[in-house]
Amino acid sequence: MKNVLKSFFESFLRSRHMLHHFERWQTLLGSKPVGTGSFVSMPPDIAKALGTASRTDAGEMLLKLNSSPRGLSEGHAQVLRKRLGSNEVRHEQPLPWWQHLWQCYRNPFNLLLTVLALVSYVTEDMKATLVIGSMVVLSTVLRFLQESRSNKAADRLKAMVSNTSTVLRPAPGYKAGAAGDEGFDTTHAGTVRVEVPMRDLVPGEVIALSAGDMIPADCRLLTAKDLFISQSALTGEAMPVEKFVVDRGDHAAGVLERENLLFMGTNVISGTATALIVHTGDRTFFGALAQRVTATDRGTSAFQAGINRVSWVLIRFMLVMAPLVLVINGVAKGDWWEAALFALSIAVGLTPEMLPMIVTATLAKGAVVMSRQKVIVKRLEAIHNFGAMDVLCTDKTGTLTQDRIVLERHTNAWGEGSDHVLQLAYLNSFHQTGLKNLLDKAVLSHAELQLETRLQTAYRKIDEVPFDFSRRRMSVVVANGGSEHLLICKGALEEILSVCTSVERGAEVLALDAEVLARIHRVASELNAQGLRVVAVASRSLKTEARKPAYGVADESGLTLLGYVAFLDPPKESTAPALRALAEHGVAVKVLTGDNELVTRKVCADVGLEVGRIVLGREIEDMADADLRLVVEAHQVFAKLTPAHKERIVHALHANGHVVGFMGDGINDAPALRAADIGISVDGAVDVAKESADIILLEKSLMVLEQGVIQGRRTFANMLKYIKLTASSNFGNVFSVLVASAFLPFLPMLPLHLLVQNLLYDVSQIAIPFDNVDEEFLKSPQRWNPADLGRFMVFFGPLSSVFDILTFAVMWFVFAANTVGHQTLFQSGWFVEGLLSQTLIVHLIRTRKIPFLQSRAAWPLLIMGAAIAAVGIWLPMGPLAHYFKLQALPLMYFPWLVAMLVGYAVLTQAVKGWYARRYGWQ
């Protein structure tokens, strides 16, 4: 069962995310870091090649790979792509059909049935061998066909969500000289930037990196500015690692410690860089490691653990009951050989061989249906968590709001309009090469054309200090032809004030004393209260003696606050009804945002979200975990949060027993996305957020999410139906067999009858993934609880036994089938009643309501059930009856049959109502 879902989701969107692959491998193989003693040593050839790339001059590496600082031409890249193949590791590619077929066959149930078929063959019971073999073939082929269709659907969905890298290309008409002829300044007109799918990258490409980007291959740095990389998945280090163009460490150190190498699967925390791709696909360290551990079992998820528990409950039940049937029949009738064959048939009947196919088909169908609702499922198992989710944590921007930020005002620090502030904000946004967010885009689109032209020609860029989430600000340094450099800093108000010593008002520059600071905060609060997000702008003139060729964070000091640019992101009209719809379906929404509390309160009030007290990040900083668990239950809105705060909140909710979803799209959301039971991101998110998520929304809307939740619950409900039906039906059949075996002078059914009955019943279940689900079931979160299965079996299994025993009495006393000479009539009567009652129970247990009247199954299930019932009646009544050792039933049998089925339906409905009131109906 460990591989029930593997074939589908491994072909789907490069697994859950690359970082999590490494985390699983570290768990499986040990926790020792790769670079310092290696839990899995790097293959010598790859280590040697990467070591050489680290030691070799960047210009020489470009020459070696026939590249240039401006990257490869598109034509050259296409030639290499055809020769070298895709930038994908081998284990992520679809399996050959024969391997896929083997995996579809290889599960505990099919293996058990195969053993039983071999036993039947050895004992020369060819009919039993044929029927058991048909079960194995049916289960394997149906699963193979379903998963093949699912894989093709996954390939189509894959095109909807793909990660890309920014690649440098020579500008049209540019004729490249020798590699390195103009250094590594790639910002001039000779270079263009294009987005290329990661799978299409080849060695020799030059890529541009900024905060939030995944490293798509093993690379050698060409340029770097305050570049910090998260390598925790590789090395176990929690802190980001700073990277440099030249390795300053000991060349004898491990390859992962080289400061000028980047590795596939890691991600950029902050800073900017350009890098030369050295290795792709299987030649990367990621690819080599993947090949070495592909055969290692994955960690078992909660969903898989639940399926495994159900499987082994049924298998253990079979291992107990089959020998018991053997002993009872052998002792009572004296024919141990016949008893052994009958016990073997009981073992087959107790084997839920269709479980892998039903699970896979149900989840795959759910994923395809959800894709039509603009919800792309990366991990099929996530559908269960989607349906079970009872708390959704979400950011504010773009989820509650329109994600259409506009620059509403540009003022000085006193709230008075200022074009000068707009000009400097424009220069900052235009010249930064890092992560351009929606605020930057709003600034750039707001300035008029003549302003753009004048500023772009008047100023040239000297350097920049990229944004990161600890400083929450970024700076650029520009010059306008004179001897002075101008540092322009833009960011969150508190963080800007922490590096300012003065404030500008007109021609005056005032010291930042307590009175001035109070006035500044009052102006900012007034803007926030109007729902405006305030970004502060400050600057510093660097005279000739202070000029540098490169600048860093330390230069962000002694600044002068100039004023603010204030942005408006209006709430979505659909947010309020979406919040109500989620609440009606049992999902509580909590807002986790890095924005300040005033803006957050205004937006939440506008969308009808009850706010109460807003918990701030600085409060969470000082809370113990136990205290935080109480706070997250009592409050709905959290503001001024860092990535670590968001992650702690998710962990606290999870510790309180909630199934937690987190919806985010930024690099600061990645830790919380990984911590949540179900990570939700959007197609436009940064790479690391998309890779961390389980589900991708093609439209960033809570309404889309609500539809996805409903479909997740519908999918889970249909899967649960088969498990409940199989467990209760098998338990009831064995109970009936034990009673009959103890009192009858002959077998209540021949082994062949049991096998054919089980085969027909299995066929009737194929349509369950397409069944309808009651609206009441969709109203509240549904959780996987295998512990309830045993209780359900005990209550509903014996109900069928009651009417089986009544059927025994009718055949014995009414139709005189009470001797060995009349056993065929007896067996034919129970064969028909047993098959029809099993087919009926599908409709009785699939709903809490009255079946057929208040809740009707989908047409495929109705048609399949009717067809199997007709076949079951036709077998003893038709020309093949003798072949199956059955005989025609008298017409008076059928009124008795109808009475039995009606009585079974009435009793089951009564018990179902009592059971639901006492234990609930999942």
Side chains of [X] and [Y] only: does a donor on one sit below 3.5 Å from an acceptor on the other?
X: S780; Y: R713; result: no
X: S165; Y: E195; result: no
X: T593; Y: D395; result: no

Quick one: do [X] and [Y] make a salt bridge, cutoff under 4.0 Å?
X: E494; Y: R472; answer: no
X: K646; Y: D669; answer: yes
X: R648; Y: D625; answer: yes

Using the test side chain to side chain contact (heavy atoms under 4.5 Å, CB included), find all partners of [X] that sit at least two apart in sequence or belong to another chain.
X: L616; value: E597, I614, R618, E619, A639, K640
X: L568; value: V406, E408, L532, P570
X: K602; value: D606
X: A581; value: E706

Checklist outcome for this item: By side-chain hydrogen bond (donor to acceptor under 3.5 Å, both in side chains), D627 pairs with (sequence neighbours left out) none

Item to check | salt bridge (charged side-chain N to carboxylate O under 4.0 Å, His left out) partners of E633, counting only residues at least two apart | outcome: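 So E633 forms no salt bridge (charged side-chain N to carboxylate O under 4.0 Å, His left out) with any residue.
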
Checklist entry - When you look at N267 and I215, which way does the side-chain contact (heavy atoms from CB on, under 4.5 Å) test go after all the steps? => result CA-CA 5 Å; N267 63 282; I215 308 300; 5.7 Å; no

Please report the closest heavy-atom contact between [X] and [Y], naming both atoms and the distance.
X: D694; Y: D677; value: OD2-O, 3.8 Å
X: V659; Y: A388; value: CB-O, 3.5 Å
X: G661; Y: A676; value: C-CB, 4.3 Å
X: V535; Y: G491; value: CG1-O, 3.5 Å
X: A857; Y: D771; value: CA-OD1, 3.4 Å
X: M370; Y: G712; value: SD-N, 4.3 Å

Are [X] and [Y] close enough that some pair of their side-chain heavy atoms sits under 4.5 Å apart?
X: V534; Y: N528; answer: yes
X: V637; Y: R601; answer: no
X: H585; Y: I710; answer: yes
X: I680; Y: I678; answer: yes
X: M214; Y: V268; answer: no
X: Q636; Y: C604; answer: no
X: I376; Y: I695; answer: no
X: V631; Y: M623; answer: yes

Next on the checklist: Looking at S210, is its backbone amide N or carbonyl O close enough to the side chain of D213 to form a donor-acceptor pair, meaning the two atoms are under 3.5 Å apart?
Outcome noted: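 It does hold such a pair.
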
What is the distance from atom [atom1] of [X] to atom [atom2] of [Y], rounded to the nearest 0.5 Å?
X: L725; Y: I768; atom1: CG; atom2: CD1; result: 5.0 Å
X: F638; Y: I649; atom1: CZ; atom2: CD1; result: 5.0 Å
X: K849; Y: D774; atom1: NZ; atom2: CG; result: 4.5 Å
X: L628; Y: N656; atom1: CG; atom2: CG; result: 8.5 Å
X: F662; Y: S681; atom1: CZ; atom2: OG; result: 9.5 Å
X: E647; Y: R674; atom1: CD; atom2: CZ; result: 7.5 Å

Item to check | L592/K590 under side-chain contact (heavy atoms from CB on, under 4.5 Å): CA gap, chis, key distance, verdict | outcome: CA-CA 6 Å; L592 278 57; K590 295 183 184 291; 4.1 Å; yes

Checklist entry - Can V773 and L778 be said to form a side-chain contact (heavy atoms from CB on, under 4.5 Å), step by step? => result CA-CA 8 Å; V773 177; L778 306 177; 3.9 Å; yes

Next on the checklist: Show, in sequence, the C-alpha distance, side-chain angles and deciding distance for V391 and V587, and conclude whether the side-chain contact (heavy atoms from CB on, under 4.5 Å) test is met.
Outcome noted: CA-CA 5 Å; V391 174; V587 180; over 6 Å; no

Checklist outcome for this item: Only residue of L697, V375, V589 satisfying side chain to side chain contact (heavy atoms under 4.5 Å, CB included) with L705 is L697

Item to check | Sub-6.0 Å ring centroid separation between Y919 and F792 | outcome: no

